[in-house]
2 protein chains.
Amino acid sequence: MDTTNATTSTAEQILALACELVQTRGYNAFSYRDLAGQIGIKSASIHHHFPTKADLGKAMLRRYRENFADALEAIDRSRKSPSGRLSAYFDLFRQTARSDRGVCLGGMLAADMLTLAPEVQAELRAFFADSEEWLKGVLEAGAASGDFSLNGSPKDVALAIVSALEGAMMVARAHADPARFDRATRCLLDSLTKS
Amino acid sequence: MDTTNATTSTAEQILALACELVQTRGYNAFSYRDLAGQIGIKSASIHHHFPTKADLGKAMLRRYRENFADALEAIDRSRKSPSGRLSAYFDLFRQTARSDRGVCLGGMLAADMLTLAPEVQAELRAFFADSEEWLKGVLEAGAASGDFSLNGSPKDVALAIVSALEGAMMVARAHADPARFDRATRCLLDSLTKS
DNA sequence: GTCTATAAGATGATAGAC
DNA sequence: GTCTATCATCTTATAGAC
C-alpha cells in the first residue's frame, strides 16, 4: 500500500529547486553548485541525475507542463461555465504572481530562449501550445454561449491572453508589486466578459 | 559645424552592442569578453568606460529610456489623435518584435530583475513608469473624446497595455514567429477602440 | 584609451573510488 | 547514488605600462 514516498526522491527535489531558481533568477543565473549547496549534496551528484544542463531544462519543462495539465483538468472538473474556467485559468497565474517573487517558468525561459538548447526550446513552445489549445476551447464555448465577446478569433484571443498574463507577471515583479498583476489582468478579463 | 561624430564613440558602441546582447540573450548571458571581441578591443578597455557591469546596465537603461522618450515626443508631434498615438506606440514595439529576434530591453531586464543591482532595478522601474505615464495621458484624452472605451481606469489600462506588449514580444519570439506579436496585440487594440 | 598580465572565483562537465 | 578530485574555460574586475 505504501506507494507514496515519505521522502521526495532526489531527482524530484532537484527539479523542484531548479524550477524555483529559474523562476526567480533565470536559466543563466543558477548553477549546479547552487542546486547542490541548497539540497546538501555535491554538484557531481546532480550531474548523475541530469548529465547536462539541457537535460535538466528539458525535464523541468516536462514536469511543469504535466503539473499545468493536471491543473487544467482540475479546472475542467470543478468549473463548468466558460467564464468560470477562464477566471480559474487567470487564478493559476495569479497564484504564481503572488508567490514569492517568481514568475511563470514558461515566461522566464521565453526570455532566455536564444540561449537554450533546441530540445528545450521545443519543449517551451509545447508549453505555450498547451495553454493556447485549452484556452481556444474555452473561448469557443464562451463565444457560442454568449458569455464572451471576442475581439478576434478564439485562436488569436487565446494567444493574446497567454501573452498578456506572462507580461503582467514580469512587469508586476519588476515593481515588486503583485497588485499590478491584478490591475492589468482585471482589465483584460473585463474586456472579454463585457457584453 | 562638425558637431556630429563621423565615427561613433567607443562608449556608444559598447552601449549599443550591450543593449543588443541583452535584448537577444539576457543580462546574465553576455560578458565583457563578448563585447570586447565583437568591438575589437580588450575587455579591460570596456572596464575603463564602464567599471562594473552594474554601471553598464544603468547606462544601457538610461540610453534606452532617452531614445524611447524621443520616440514618444516624435509621436506627439506627428500624431494628434489619441487613436493615432496609441497605434504609433504599438508600432514602436512592433518594430522591435520584427527586428532580428530581440525583445524590448525593459522586458528582458524585468526577467533578470532579481539578479540586478538596486540602481539598475530602479532605472528599470523608471522605464516602465515613463511608458505608463505617457499612455495614461493618451488614454484619458481618448476616453474624453470618445475614441476609446476603457475597461478600467486610464492608469490600469496603461499598465495592462505595457504588460501585454512585453508579454507578446516574449511569446512571439519563443515561437520565432513575429506574426504572433501582431495577432496578440491586434486583439488588444481592437478591444480599446471598439465602441 | 588601450594594452598586457593577472587575480580569485565560478562554470559545466568528467573519471574513478566507495 | 554519492563522493573526491580534477579539468578547461569563462567571469568580473584590477594594476600598471604605453
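A note on names: the letters A, B, ... follow the listed sequences, proteins ahead of strands, and every chain is numbered from 1.
- Here dA10(C) is the nucleotide among dT14(C), dT12(D), dA10(C) with the atom lying nearest to any side-chain atom of Arg33(A).
- Not one side-chain nitrogen or oxygen of Ser45(B) sits closer than 4.0 Å to the OP1 or OP2 atom of dG1(C).
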(message) Please determine whether side chain to side chain contact (heavy atoms under 4.5 Å, CB included) holds for the pair Leu192(A) and Leu150(A), giving the CA-CA distance in whole Å, both sets of side-chain angles, and the decisive distance to 0.1 Å.
(response) CA-CA 6 Å; Leu192(A) 294 167; Leu150(A) 307 184; 4.1 Å; yes
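- Side-chain nitrogen and oxygen atoms of Thr10(A) include at least one within less than 4.0 Å of the OP1 or OP2 phosphate oxygen of dT2(D).
- Around CD of Glu133(A), the count of heavy atoms belonging to other residues, nucleotides or ligands within 6.0 Å does not exceed 12.
- Under 3.5 Å, the side chains of Thr115(B) and Asp112(B) contain no donor-acceptor pair of N or O atoms.
- Distance CD1 (Ile41(B)) to C1' (dG1(C)): 9 Å, rounded to an integer number of Å.
- Checking dG1(D), dA13(C), dT11(C) against the side-chain heavy atoms of His47(A) singles out dA13(C) as nearest.
- Of the listed nucleotides (dT11(C), dT12(D), dT2(D)), dT12(D) has the atom at the smallest distance from the side chain of Ser31(B).
- Note on ring orientation: taking the six-membered ring where Trp is involved, the planes of Tyr89(B) and Phe93(B) are tilted (angle from 30° to 60°).
- Comparing dT11(C), dT4(D), dT12(D) against the side chain of Ala44(A) picks out dT4(D) as the nearest.
- Across dA13(C), dT2(C), dT4(C), the shortest atom-to-atom separation from the side chain of Lys42(B) is found for dT4(C).
- Contacts of Phe50(A) with the nucleic acid, taken as non-hydrogen atoms under 4.0 Å apart, are absent.
- Inter-residue side-chain proximity for Val103(A) and Gln23(A) is flagged as unmet; no heavy-atom pair is nearer than 4.5 Å.
- With dT12(D), dG1(D), dG1(C) as the choices, the nucleotide that has an atom nearest any side-chain atom of His48(A) turns out to be dG1(D).
- Straight-line distance from the CD1 atom of Ile46(B) to the C1' atom of dC3(C): 13 Å, rounded to whole Å.
- The CG atom of Asp34(A) sits 10 Å away from the C1' atom of dA10(C) (whole-angstrom rounding).
- Nucleotide dT14(C) holds its C1' atom 13 Å from the OH atom of Tyr32(A), rounded to whole Å.
- Distance from the side chain of Thr52(B) is smallest to dA13(D) among dA13(D), dG12(C), dG1(C).
- Taking atom CG of Asp55(B) as the reference point, atom P of dT12(D) lies 13 Å away to the nearest angstrom.
- Of the candidate nucleotides dG1(C), dA13(D), dT2(D), dA13(D) has the atom nearest to the side chain of Lys53(B).
- Rounded to whole Å, the distance from CG on Leu35(B) to P on dA13(D) is 12 Å.
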